[in-house]
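Input: a single structure, listed below in structure tokens.
Within every chain, numbering begins at 1; the chains are lettered A, B, ... in the order of the sequence lines, protein sequences first and strands thereafter. As the structure is a prediction and not an experimental result, all values here were calculated from the model.
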Amino acid sequence: MIPGAHLPPLRAARALSARLCPSQHLCSEGSRNGGESRRDTLQSNGDGILEGEEEVKGLDAGHFRPEMLLRLPPPGGPPESDDDDGEDLSPGHGSRRWFFEDVRLEADRIFRILLQDGPGFSARQALDEMRPKVSIKLMREVLFRILVSVDSVNRERYPKLAYRFFVWAGQQEGYRHNTSTYNLVMKVFAQCGEVKAMWRLFEEMAEKGLPVSARTFHLLICASGQVGLRRRLVERFIKSSTFRYRPFRNAFNAILHTLLTIEQYSLIEWVHQKMIFEGHSPDVLTYNIVMRAKYMLGKLDQFHRLLDEMGKNELMPDLHTYNLLLHALGKGDKPLAALNLLNYMSDVGCVPNVLHFTNLIDGLGRAGNLEACKYFFDEMVKKGCEPDVVCYTVVIASYVAAGEFEEAQRYFDDMLVRGQLPNVYTYNSMIRGLCTAGEFDKAFSMLKEMESHGCTPNFSVYSSLVSRLRNAGKDSQANTVIKYMTDKGHYLHLLSRFEGYERC
DNA sequence: TTAGGGTTAG
């Protein structure tokens, strides 16, 4: 039994953080650079699980022994539900549909009117004459039409149209803009690079006392390029009485989460410092976000310190914490510590699922430990946890990266047998593998095959295939691929990126 | 919008 299992939350969490020793790194890179011999992150215990020496590969990384088995509850799971009829056929559904259909038609008309605005035609007057019933739904429909039609030609004109309509609608009786309509106009502005106008709208929201949401923050922070500006924005939101999150910690969490989605890790550190300074206690979500940021920034000591602190604060790691830890252990090539952690999770009732295994396998694959990837994949299946398309893709990509295409192919075939449909990620990995193996004809066949299976290749796949063909001196085959792409009508606007290609 | 996993050339 692993220490910490079945203990009350505080003791269990502290036991976990003790086992992921703060003084030792999860990732092997740190110790390689430091030149010191590395030990595995999990502490020694009564079961004798422990101590991985550096450079030991495969399942031996971390002194893996056959008796160390993965413990998961027996396969089974909840009984299958058969009461799902799909469609909602409740009364009123039809009339609701008609209502929405009417709104869409009205939005189409308004959009056409707006497009005509200019000398000799007043959209405002036409809208007055049309007298549409302005509602939040209608606003969303119209603004959405503008948003999806923005391109490089109209990006100066469309924000003006959107704003003109927005102002007109705001003057109509019985209607008031809410946060979501402000956010939508801001989104149009953002799409067109009208940052100052976004800030003006933000000020207007404040003046009207309209609540600002995490979405508002997201839009503004994405549009604010400089660090100073971003920090000022965070401060504005934190001070804002209309950014309503209670308890107040949740306002910080909303900001932190947004920053995580846009990969602003340093800013996360800064906001976290500010949060602590202002006396707000972090919860599990806070810790998970800040720990992820620390991990991404390579600050593993601080990562460990936070994990330890989390335990001391009586906070139990959750599924997301475990996900991060497993990925880190995988990438640090610590299969033994990962096995330990999976067992620990099961023991404390947080049963690992396919996402945890995928994260772990992904990490191990990046560390180049294919043997461990295979072990955990097999164990997962044995325990009744079905690998899905992402899990298969991660395994395939790992074998491809290691130059073992035959194994990748085996997993590709296996996923088909198990009824998992490859998607664009899977095909991309396979095509890359075939190119690396010099099997260019097969790579091109697979490109065509994915198309016939409803997976449209993205431009990178074409580009990658073409450049690999060219590098191999197969210019004529490269041109065939480009021609195939143009015949399909794909990415014609990017054709110029293929230098030296002349369209026939 | 208070979360969760994957590909990519130049």
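- The CG-P distance, from A:Leu355 to B:dA3, rounds to 14 Å in whole Å.
- Side-chain proximity of A:Val390 to B:dG6, B:dA3, B:dT1: nearest is B:dG6.
- Among the atoms of the strands shown, base atoms are found under 4.0 Å from some heavy atom of A:Thr426.
- Contact annotation: A:Arg497 does not reach the phosphate of B:dG10 (side-chain N/O to OP1 or OP2, under 4.0 Å).
- The distance between atom CG of A:Leu494 and atom P of B:dG10, rounded to the nearest whole Å, is 16 Å.
- Against DNA chain B, the stretch residues 465-472 of chain A makes heavy-atom approaches under 4.0 Å through A:Ser467, A:Arg468, A:Asn471.
- For the pair A:Asn288 CG and B:dG4 C1', the computed distance is 10 Å after rounding to whole Å.
- Residue-level contact check: A:Ala214 touches neither bases nor backbone, having no heavy atom under 4.0 Å from any strand.
- Between the P atom of B:dA3 and the NE2 atom of A:His320 lies a distance of 7 Å, rounded to the nearest Å.
- There is no side-chain donor-acceptor pair under 3.5 Å between A:Asp301 and A:His304.
- Of all nucleotides listed (B:dG5, B:dG6, B:dA3), B:dG5 comes nearest to the side chain of A:Val354.
- Relative ring orientation between A:Phe252 and A:His280 is described as tilted, the plane-to-plane angle lying within the 30° to 60° band.
- Distance, A:Tyr322 OH to B:dA3 C1': 17 Å, rounded to whole Å.
- The stretch residues 444-463 of chain A touches DNA chain B through A:Asn458, A:Ser460, A:Ser463, each having a heavy atom under 4.0 angstrom from the strand.
- Taking the centre of each ring, A:Phe412 and A:Tyr392 stay at or above the 6.0 Å mark.
- Annotation: A:Tyr295 is not in aromatic contact with A:Tyr265 [ring centroid separation under 6.0 Å not met].
- Side chain A:Asp388 to base B:dG5: a donor-acceptor pair is found below 3.5 Å.
- Out of B:dG5, B:dT7, B:dA3, the shortest distance to the side chain of A:Asp318 is found at B:dA3.
- Side-chain atoms of A:Tyr322 and A:Asn359 form no donor-acceptor pair, as typed in the model, at a separation below 3.5 Å.
- Going from atom CE of A:Met296 over to atom P of B:dA3 covers 20 Å, rounded to whole Å.
- The aromatic ring of A:His327 is not stacked on the base of B:dG5, since the criterion of ring centres less than 5.5 Å apart with planes inclined by under 30° is not met.
- Between the side chain of A:His356 and the base of B:dG4 there is at least one donor-acceptor pair of N/O atoms closer than 3.5 Å.
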Check against salt bridge (charged side-chain N to carboxylate O under 4.0 Å, His left out), A:Glu204 and A:Arg200: CA-CA 6 Å; A:Glu204 197 177 303; A:Arg200 276 200 298 274; over 6 Å; no
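- Side-chain contact annotation: A:Asn458 with A:Ser460, donor-acceptor N/O pair under 3.5 Å absent.
- Residue contacts shown for A:Asp283 are absent, as no nucleic acid heavy atom lies under 4.0 Å away.
- Side chains of A:Asp414 and A:Gln420: no donor on one and acceptor on the other come within 3.5 Å.
- Contact annotation: side chain of A:Asn423 to base of B:dG6, donor-acceptor pair present below 3.5 Å.
- Of the candidate nucleotides B:dG6, B:dG4, B:dG5, B:dG4 has the atom lying nearest to any side-chain atom of A:Asn323.
- Remark: A:Lys442 is not positioned above the aromatic ring of A:Phe444, lacking an NZ or CZ atom under 6.0 angstrom from the ring centre and at most 45 degrees off the axis.
- Among the candidates A:Asp318, A:Asn323, A:Asp283, the single residue satisfying the side chain to side chain donor-acceptor pair (under 3.5 Å) test with A:Asn288 is A:Asp318.
- Considering only side-chain atoms of A:Leu319, the nucleotide from B:dG6, B:dG5, B:dG4 that sits closest is B:dG4.
- Ranking B:dA9, B:dT7, B:dG4 by closeness to the A:Ser464 side chain, first place goes to B:dA9.
- The interatomic distance linking A:Tyr399 (OH) with B:dG6 (P) rounds to 19 Å, in whole Å.
- Within the nucleic acid shown, A:Asp362 comes within 4.0 Å of sugar-phosphate atoms alone, with no base atom in reach, counting heavy atoms only.
- With sequence neighbours excluded, no residue forms a side-chain hydrogen bond (donor to acceptor under 3.5 Å, both in side chains) with A:Asn471.
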